[in-house]
Amino acid sequence: QVQLVESGGGLVQAGGSLRLSCAASGGTFSRYAMGWFRQAPGKEREFAAAISWNTDSTYYADSVKGRFTISRDNAKNTVYLQMNSLKPEDTAVYYCAARYAPTGLRAWAALSQNYDYWGQGTQVTVSS
C-alpha cells in the first residue's frame, strides 16, 4: 500500500509560480510511474502531467505544456510539479497519483482510472 501526500499549494497571482510536491511512502517508489491531476469546482478531474518510473518519459496535457514541469527524485521518494506562468484557470485541487511499473506512458497516463493510488490533494488558487 502506497501513501501519497501532496504539499505546496496556495494562493498566487496570475503569472506567478508554485512548486507542488508529493511524498510517497509504503512502497518502492522508484517502480511507480507518477501523475498529477487537477479538479476545479464543478468540473471533472483532468490530467495535467505524468512521468515514468525511470524519468525517461514525461507527458503533459496541452493546457499546461510549456508552463508546467514534472520531475521526480527517487532518492527522496518525491515527485514535483513546477508550475510557472499560472493563470486563473489553473485554479483547482491538485492530486498526485501512482501506478506500479507500467510501460508506454502516453498510452494510459491521461486516464485517472489507470492509477492505483491517490493523494488527498492540495489547493491551488490563482488570482487575476
Side-chain angles (χ1 to χ4, degrees):
Q1 190 80 3
V2 173
Q3 292 80 46
L4 303 173
V5 179
E6 302 96 334
S7 61
L11 174 63
V12 63
Q13 289 187 333
S17 298
L18 281 175
R19 187 176 82 154
L20 305 183
S21 299
C22 173
S25 62
T28 305
F29 179 73
S30 61
R31 297 296 294 166
Y32 286 84
M34 301 297 295
W36 284 97
F37 285 74
R38 63 187 185 181
Q39 188 167 18
K43 295 188 177 181
E44 293 188 354
R45 191 170 298 189
E46 67 172 8
F47 170 74
I51 187 167
S52 62
W53 63 273
N54 60 0
T55 74
D56 278 0
S57 297
T58 57
Y59 182 37
Y60 296 93
D62 288 343
S63 58
V64 307
K65 196 175 298 181
R67 300 187 299 122
F68 291 11
T69 302
I70 189 170
S71 62
R72 65 190 295 163
D73 185 339
N74 286 344
K76 296 182 178 180
N77 289 356
T78 302
V79 62
Y80 305 98
L81 187 67
Q82 177 67 43
M83 307 186 294
N84 298 329
S85 302
L86 283 162
K87 306 174 182 180
E89 51 264 44
D90 294 317
T91 295
V93 177
Y94 283 70
Y95 299 90
C96 70
R99 177 173 173 176
Y100 182 72
T103 58
L105 193 67
R106 290 176 178 265
W108 59 268
L111 298 177
S112 60
Q113 58 263 39
N114 290 329
Y115 290 82
D116 302 316
Y117 302 101
W118 291 84
Q120 84 290 344
T122 185
Q123 176 71 46
V124 172
T125 303
V126 184
S127 63
S128 58

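Numbers for residues simply follow the sequence, beginning at 1.
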Closest contact, heavy atoms only, [X] versus [Y]:
X: Asp116; Y: Tyr100; value: OD2-N, 3.0 Å
X: Leu4; Y: Tyr117; value: CD1-O, 3.6 Å
X: Met34; Y: Ile70; value: O-CD1, 3.9 Å
X: Arg72; Y: Ser30; value: NH2-CA, 4.1 Å
X: Ser128; Y: Ala14; value: CA-CB, 4.4 Å
X: Thr91; Y: Val126; value: OG1-N, 2.9 Å

About how many Å separate [atom2] of [Y] and [atom1] of [X], when rounded to the nearest 0.5 Å?
X: Leu18; Y: Thr125; atom1: CG; atom2: OG1; value: 9.5 Å
X: Leu81; Y: Ser21; atom1: CG; atom2: OG; value: 9.5 Å
X: Arg45; Y: Ser112; atom1: CZ; atom2: OG; value: 7.0 Å
X: Gln113; Y: Arg99; atom1: CD; atom2: CZ; value: 10.0 Å
X: Gln82; Y: Arg67; atom1: CD; atom2: CZ; value: 12.0 Å

How would you list, by chain and number, every residue that makes a side chain to side chain donor-acceptor pair (under 3.5 Å) with [X], sequence neighbours excluded?
X: Ser57; value: none
X: Ser71; value: none
X: Ser52; value: Asn54

Flag the pair Lys65 and Asp62 as a salt bridge only when some basic side-chain nitrogen lies within less than 4.0 angstrom of an acidic carboxylate oxygen. yes
Test side-chain contact (heavy atoms from CB on, under 4.5 Å) on Asn74 and Trp53 and set out the steps. CA-CA 9 Å; Asn74 286 344; Trp53 63 273; 5.6 Å; no
Where do Val124 and Arg38 land on the side-chain contact (heavy atoms from CB on, under 4.5 Å) test, with the steps shown first? CA-CA 9 Å; Val124 172; Arg38 63 187 185 181; over 6 Å; no
Other cluster members, Tyr59 - Ile/Leu/Val/Met/Phe/Trp/Tyr, side-chain contacts below 4.5 Å: Phe37, Phe47, Val93, Tyr95, Leu105, Trp108, Tyr115, Trp118
Members sharing Tyr80's hydrophobic cluster, built from side-chain contacts under 4.5 Å between Ile, Leu, Val, Met, Phe, Trp and Tyr, are none
Contact between [X] and [Y] at the side-chain level, heavy atoms closer than 4.5 Å - yes or no?
X: Thr69; Y: Tyr60; answer: yes
X: Ser17; Y: Met83; answer: no
X: Phe68; Y: Leu86; answer: yes

Between the side chain of Ser63 and the main-chain N/O of Ala61, is any donor-acceptor distance below 3.5 Å? no
Could you pull out every donor-acceptor pair under 3.5 Å between side chains of residues 6-13 and any protein atom, sequence neighbours left out?
from : atom 1 : to     : atom 2 : distance (Å)
Glu6 : OE1    : Gln120 : N      : 3.0
Glu6 : OE1    : Gln120 : NE2    : 3.4
Glu6 : OE1    : Gly121 : N      : 2.9
Glu6 : OE2    : Cys96  : N      : 2.8
Glu6 : OE2    : Gly121 : N      : 3.3

